[in-house]
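Heads up: the structure comes next, in structure tokens.
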Amino acid sequence: MKDLAIGVFDSGVGGLTVASEIMKQMPYEKIYYYADTARVPYGEKTPDEIKGFVNEIIAFLLGEGVKAVIMACNTSSALALTETRKKFDIPVIGVIEPAVLMALSQTREKRIGVIANLATTNSGAYKNKFLENGNGVSVFQQACPMLVPLVERGIVDGEDVKIVLKSYLEPLKAQKIDTLILGCTHYPYLMKPIEEIMGDGVKIVNPAYQAVKDMKSMLEEKNLLSGRGEPPEHKYFVSGERQSFMKTAEKLLGRKL
Ligand code: DGL
């Protein structure tokens, strides 16, 4: 079991922000990454469609040989985590709870913004998690449907990106949030312009760090951490066109796949 891979999946390149964090925190773990680029963006899909995609992807990853799965996708974590945990007999970690706990540990004024896609904001998953965990926190959500298509094309900086980002972020600034959750795994690739727009007073939360930390503790607890062998060889599976995924992924990761 220890030598099996960690499964990581997303609608596209966004989950690579989580895969990179695994490489940092657990450099001996092998990653099987699934990018559902044939069906990106998930933000425009219905809850039932997303649940169906998640079932198919986890069944596929299990067939390839994984010991645990990180849903490196807020949309899937929002809509399918509970059912998936009941259905499959391996540990599955989502990104929403780690994001909420990180934000709660950072906020001073208890004014927290969440940017995400439409399916995630409509699901109410973030608001519900805050209700479960946070006392008297005000949560301001903003759906940002134009961001995923930009990141999928590798466009993560420049004036056009800033104009789009400003239109989404200004309403949150006006609410005087002091913490902003990047509630879509594609968004950490926009960290630089987001930080520039939000300014120094706002803490930006990338859920990947805590989600991977939780995965590491869970693997340790179950005695499933991989031993220090050869450097692991990761595998990437793509449901859509392979070249464009590789091109964007290599640009964002800064190395060859
Ligand atoms: N990166 C995914 C998320 O975190 C999905 C984005 C999308 O396809 O809309 O929600």
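Everything quoted here is computed from the prediction, not taken from an experiment. Side-chain atoms are counted along with the backbone in the values below, which use heavy atoms only and exclude waters and symmetry mates. Whatever order the structure lists them in is the order used to number ligands and atoms, beginning at 1.
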Could you tell me, atom by atom, which parts of ligand 1 come under 4.0 Å of a heavy atom of [X]?
X    : result
G43  : 7 (C), 9 (O)
C73  : 2 (C), 3 (C), 4 (O), 5 (C), 10 (O)
C184 : 1 (N), 2 (C), 3 (C), 4 (O), 6 (C)

At under 4.0 Å between heavy atoms, is it the side chain or the backbone of [X] that contacts ligand 1, or both, or neither?
X   : result
T75 : both
V40 : side chain
D10 : side chain
S11 : side chain

message: Please find the pair of heavy atoms, one from P193 and one from V161, that lie closest to each other, and give the distance.
response: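 For P193 and V161, the tightest heavy-atom pair comes out as CG-CG1, 4.4 Å.
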| task | Could you pull out the closest heavy-atom pair between A99 and V205, with the gap in Å? | result |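 Where A99 meets V205 most closely, the heavy atoms are O-CG1, 4.0 Å.
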Measure the distance from atom 3 (C) of ligand 1 to every protein heavy atom, then report the residue, atom name and distance (to 0.1 Å) of the closest one.
->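 Checked against all protein heavy atoms, atom 3 (C) of ligand 1 sits closest to N74 N, 3.2 Å.
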* To do: Look at atom 7 (C) of ligand 1 and say which protein heavy atom is nearest, naming residue and atom and giving the distance to 0.1 Å.
  =>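 For atom 7 (C) of ligand 1, the nearest protein heavy atom is Y42 N, 3.3 Å.
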Next item on the list: Report yes if some N/O of T120 lies less than 3.5 Å from some N/O of ligand 1; otherwise report no.
Entry: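 The answer is no, given that T120 and ligand 1 share no N or O pair closer than 3.5 Å.
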In the structure I gave you, are the side-chain heavy atoms of H234 and M23 within less than 4.5 Å of one another anywhere?
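Yes - at least one pair of side-chain heavy atoms lies under 4.5 Å apart.
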Reported CZ-to-CD1 distance for the pair F140 and I112, which is rounded to 0.5 angstrom: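 One gets 10.0 Å once the value is rounded to the nearest 0.5 Å.
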K45 NZ to S76 OG distance, which is reported to the nearest 0.5 Å: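 Atom-to-atom, K45:NZ and S76:OG are 11.5 Å apart.
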> Under a 4.0 Å N-O cut-off, is there an ion pair linking K86 with E83?
Replying inline: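 Result for this pair is no, no salt bridge flagged.
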- Charged N-O contact under 4.0 Å between K247 and E241: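 Judged by the 4.0 Å cut-off on N to carboxylate O distance, K247 and E241 do not form a salt bridge.
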Sole candidate of F53, Y34, Y33, F9 that passes ring pair (Phe, Tyr, Trp, His ring centres under 6.0 Å) when paired with F60 =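 Only match with F60 under ring pair (Phe, Tyr, Trp, His ring centres under 6.0 Å): Y34.
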With a cutoff of 4.0 Å, is P41 in contact with ligand 1, counting heavy atoms of the residue only?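 Yes, that is the case, since the closest heavy atom of the residue is under 4.0 Å from the ligand.
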